[in-house]
Amino acid sequence: MSSRSETDIADKTASLLLPWYDRHARRLPWRSLPGKRPDPYHVWLSEVMLQQTTVATVGSYFAKFLARWPTVSDLAAAELDDVLTEWAGLGYYARARNLHKCAKRVADDFGGRFPDTEDALLDLPGIGRYTAAAIAAIAFDRPAAVMDGNIERVTTRLYAIETPLPDSKPALYKRVVAMTPGKRPGDFAQAMMDLGATICVPGKAKCMLCPLVQICTGKDIAETLPRKKPKAAKPTRRGAAFWIERSDGAVLLRRRPESGLLGGMMEFPSTDWTEHGSERFEDTGLAGLSADFRPAGAIRHTFTHFHLELSVHRGQADHKDAPPDCHWCPIDALGDRALPTVMRKVAKAALSG
DNA sequence: AAATCGGGGAG
DNA sequence: CTCCCAGATTT
C-alpha cells in the first residue's frame, strides 16, 4: 500500500539526482570519463577494497595493485602471499584471499573477462549482493539495485523510515529497486553514494545543498535517521607477543592459520588472546626454541569486536632452521611482509623498547 | 538472525 | 570515547 507521495519519490529521484551528479561527481581513480564504460577489473578491484573502507584509505592501495597487476589475469597468476603483502594494513583479510580466488576463477573459467550479470557475479568469491549489483550497474550498465551504507541512509531519510536498521533493510531495498532507472543505473548508484558521502552525511545532513530536498519526506528529522539497534560492548582480550632475534639480525615470523582473525597473515609469535591472557613463551606453541626474554613495552589495538592489549617481549635465539609455519626475516625486509597493523605496532614497540 | 572479521578518520 | 565506512561469509 504505497502512498501517492512514495510513488512520486520513486519517479522523480533519478531525474533530480543525475543532473546534480553530472555537475558534482567526485573524481575518483577508479571512475571512467563521463559517458565511457570503466574497465570491469578496475570496478571490481575498487569495490572489494571499498567494502567497509573509506575512499581516502583505498586510494593508494588501488594504485599499488593496478601498477603491480594491470589485468585480472596478472592478479590470478600472482602468489597469494604477495597479494596479502600488498593488502597488509587494509584490513578484513578474507577480502584479499577471496580477491585472489576470484581472479583465478575469472581467468580460468571466464577467459579473463568478468561475467556481466548480477547472478553470475554473485557466484564469485568475495562478491555479495552489494558488489554484484555495483559491478553489474557501473561496469555493464545493468539496471541493478545497488544498496550500500550510504544508500541505506539516503533512502531512509528520503522515505522517513523510522524502523531501525537492520530490520528496515528489506523495505529499503524495495524502495531502491523502485527508484533505480533503466538508463544510467551505474551513474544513479554512484550519485546516491556521492550524495550520502557529501550531503546526506551521518548526523547533521546538509539539506540546504541537497538536490532531493523538494521530495524528501525526512528532511525535518534527518539527524535522527537512520535509527539503529544498539551494539554490543567490546570486551578486552590480552596476550603476549615475542620478538625473537637471531645473531645475524633476522627476526622470527609465523604465519597465522588460513581462516579466522588475520587469516593467512604474518605475526610475531604470540600467545592466544584471551580475557586473562598469558605472558609465558611456552604458550606460543613454539616448541624446542629456547630464549631469554626481557619486557619491551606493550601495545593496544582495537578490532571490530574486541580490544587487545599485548605485552611485547624481546629475546635472542640461535636456531638455523625455523619452527613449523615460521621463517627468519631480516629486519630490513619486515616492510615487505604480510604484517597486519597490530603486528607493525608490536615491531615498533620491540625496536624502541 | 547473529557473530565474525580491520583499520582509520570524523565528530 | 563512539560512530561509520561502496559488506561478505560463517555459524
Side-chain angles (χ1 to χ4, degrees), chain A residues 25-26 28-31 38 42-62 84 87-99 101-102 121-139 144-154 165-167 169-170 173 176 186-198 200-204 223 226-235 237 256-265 267 273 300-308 338-345:
Chain A
R26 291 188 292 175
L28 303 174
W30 42 87
R31 284 188 178 168
H42 297 185
V43 175
W44 165 71
L45 180 61
S46 66
E47 291 299 345
V48 173
M49 288 182 169
L50 286 162
Q51 288 164 6
Q52 294 293 287
T53 308
T54 56
V55 164
T57 300
V58 165
S60 62
Y61 284 87
F62 180 76
L84 291 173
W87 197 275
L90 198 51
Y92 284 159
Y93 297 99
R95 291 187 296 173
R97 298 192 300 272
N98 283 330
L99 189 84
K101 265 188 214 166
C102 183
L121 288 161
L122 257 181
D123 269 343
L124 296 171
I127 297 182
R129 284 201 312 278
Y130 162 76
T131 305
I135 297 173
I138 296 170
V146 177
M147 193 169 82
D148 75 323
N150 286 302
I151 297 177
E152 284 176 3
R153 182 175 56 258
V154 171
L165 285 168
D167 292 356
K169 282 193 180 191
Y173 185 76
V176 175
D187 285 345
F188 175 75
Q190 294 178 93
M192 289 282 279
M193 292 189 276
D194 276 16
L195 189 73
T198 62
C200 197
V201 293
K204 191 167 175 58
E223 196 167 356
R227 291 185 178 179
K228 295 202 170 184
K229 283 187 171 176
K231 300 175 180 177
K234 290 180 183 177
R237 297 184 192 171
R256 295 176 60 86
E258 288 302 313
S259 64
L261 188 70
L262 307 177
M265 300 296 284
E267 68 171 2
W273 304 341
R300 295 180 50 90
H301 192 74
T302 299
F303 292 98
T304 305
H305 57 291
F306 66 92
H307 301 288
L308 178 64
L339 285 170
T341 298
V342 61
M343 290 301 155
R344 295 185 187 274
K345 289 184 182 178

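In what follows, every chain begins at residue 1, and chains take the letters A, B, ... in the order their sequences are listed. Bear in mind the structure is a predicted one, so any value in this text is a computation, not a measurement.
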Open item on the list: Holding to salt bridge (Lys or Arg N to Asp or Glu O under 4.0 Å), I want the full list of residues that pass it with A:Arg129, two or more places apart in sequence or in another chain.
Closed with: none

Task: Contact interval (first through last nucleotide) of DNA chain B with protein chain A, 4.0 Å heavy-atom - done: B:dT4 to B:dG8

TODO: Report yes or no: do A:Gln51 and A:Tyr130 form a side-chain donor-acceptor pair below 3.5 Å?
DONE: no

Open item on the list: Distance check needed: C:dT2 C1' versus A:His307 NE2, whole Å only.
Closed with: 10 Å

- [ ] Check the pair A:Val146 / A:Val176 against side chain to side chain contact (heavy atoms under 4.5 Å, CB included), numbers first and verdict last.
- [x] CA-CA 7 Å; A:Val146 177; A:Val176 175; 5.8 Å; no

Task: Touch class at under 4.0 angstrom, heavy-atom based, for A:Gly89 against every strand present - done: sugar-phosphate

Task: SB check A:Asp194 A:Arg31 (cutoff 4.0 Å) - done: yes

Task: Heavy-atom pair of closest approach, residues A:Pro226 and A:Arg153 - done: CD-CG, 3.6 Å

- [ ] Quick one: list whatever passes side-chain hydrogen bond (donor to acceptor under 3.5 Å, both in side chains) with A:Tyr61, sequence neighbours left out.
- [x] none

TODO: Pick the C1' atom in C:dT9 and in B:dG8, then give their distance to the nearest Å.
DONE: 23 Å

- [ ] Return the set of residues passing ring pair (Phe, Tyr, Trp, His ring centres under 6.0 Å) with A:His301 (not counting sequence neighbours), or none when no residue passes.
- [x] A:Phe303

Open item on the list: Taking any heavy-atom pair under 4.0 Å as a contact, classify A:Gly263: base, sugar-phosphate, or nothing.
Closed with: nothing

Open item on the list: Just to verify, what does A:Arg256 make a side-chain hydrogen bond (donor to acceptor under 3.5 Å, both in side chains) with, not counting sequence neighbours?
Closed with: A:Glu267

Open item on the list: Give me the distance, rounded to whole Å, that separates B:dC5 from C:dC4 when you measure between the P atoms they each carry.
Closed with: 22 Å

Task: First of A:Val342 and A:Lys229 reached from the 5' end of DNA chain B, by closest nucleotide - done: A:Lys229

Task: Rounded distance in Å between the P positions of B:dG6 and C:dT11 - done: 15 Å

Task: A:Trp87 side chain vs A:Gly91 backbone, donor-acceptor pair below 3.5 Å - done: yes

Open item on the list: Rounding to an integer number of angstrom, what distance separates B:dT4 and C:dA6 when you compare their P atoms?
Closed with: 25 Å

Open item on the list: For A:Lys234 and A:Gly260, find the nucleotide of DNA chain B closest to each by heavy atoms; which residue's nucleotide sits nearer the 5' end?
Closed with: A:Gly260

TODO: Check every strand shown and say whether A:Ile151 touches a base, only sugar-phosphate, or nothing at a heavy-atom separation below 4.0 Å.
DONE: nothing

- [ ] Spell out protein contact along nucleotides 5-11 of chain C as letters: B when the base is contacted, S when just the sugar-phosphate is, - when no protein heavy atom is under 4.0 Å; keep the 5' to 3' order.
- [x] BBBSS--

